[in-house]
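Reading through the structure tokens given below for one structure.
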Amino acid sequence: GAVVSQHPSWVICKSGTSVKIECRSLDFQATTMFWYRQFPKQSLMLMATSNEGSKATYEQGVEKDKFLINHASLTLSTLTVTSAHPEDSSFYICSALGLAGGTILEQYFGPGTRLTVT
Amino acid sequence: AQSVTQPDIHITVSEGASLELRCNYSYGATPYLFWYVQSPGQGLQLLLKYFSGDTLVQGIKGFEAEFKRSQSSFNLRKPSVHWSDAAEYFCAVGVAGYSTLTFGKGTMLLVSP
């Protein structure tokens, strides 16, 4: 149980275009999902916390108008990188907060999406 | 605010030798502690976690970790490393009740023949 998927697994887009990344909890409901960014050979940096039915909470320094987050259902959150530029190229990982049979909320991670902006 | 320190950026271990990856945390209350492994281009796989109880935690793939409150440490160990263990390892601390995770910078494990 507690499987989180991301789509696409990799995407190449041209500078100035927008790209949408989906994060789905496949076998549990998640009122809260998280979006991370990981630069090569570096750790995960939390970008934002996504709550179902409400606005996302962004970490300091993350442009909310550039990284649009929508959490319209209990199993789906989307991250849209708007007007992408080469510096947005990165590995984006989502996680979903769930119980998955336990009694303590945990984050379950997706496999990540590699974004390359040319 | 909580923080995690992984003092070793790279570690090279011979196949079959024992392994210990260090992790120190800073957090005012009892932390939730995690170890994740990440292969190149892949997401995170949870190796083990500590919430409460027995301070020696067993995980998958033969890994274990010991929570030492007095040293604010949660070191990861494996008695005999396999070549397939070569990957990046991340220690993380979670805030109870919300599960906000703070990650260390990671330790890259290289396994030599």
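So you know, we letter chains A, B, ... as the sequences are listed, proteins then strands, and number each from 1.
- For chain B, the option among Q42(A), Q38(A), R114(A) with the highest count of heavy-atom pairs below 4.5 Å is Q38(A).
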All N/O donor-acceptor pairs, side-chain side in residues 83-94 of chain B, below 3.5 Å, sequence neighbours left out:
| residue | atom | partner | partner atom | Å |
| --- | --- | --- | --- | --- |
| S84(B) | OG | H82(B) | ND1 | 2.7 |
| D85(B) | OD1 | K78(B) | NZ | 3.1 |
| D85(B) | OD2 | K78(B) | NZ | 2.8 |
| D85(B) | OD2 | H82(B) | N | 2.8 |
| Y89(B) | OH | D85(B) | O | 2.5 |

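- Listed by chain and residue number, T113(A) satisfy the side chain to side chain donor-acceptor pair (under 3.5 Å) test with Q6(A) (two or more places apart in sequence, or in another chain).
- Separation of the F109(A) and Y36(B) ring centroids falls under the 6.0 Å cut-off.
- Here the side chain of K49(B) pairs no donor or acceptor atom with the backbone of Y32(B) at under 3.5 angstrom.
- With a 4.5 Å cut-off on non-hydrogen atoms, Q38(B) touches chain A through its side chain but not through its backbone.
- Only the side chain of L46(B) comes within contact range of chain A, with at least one heavy atom under 4.5 Å from a heavy atom of that chain.
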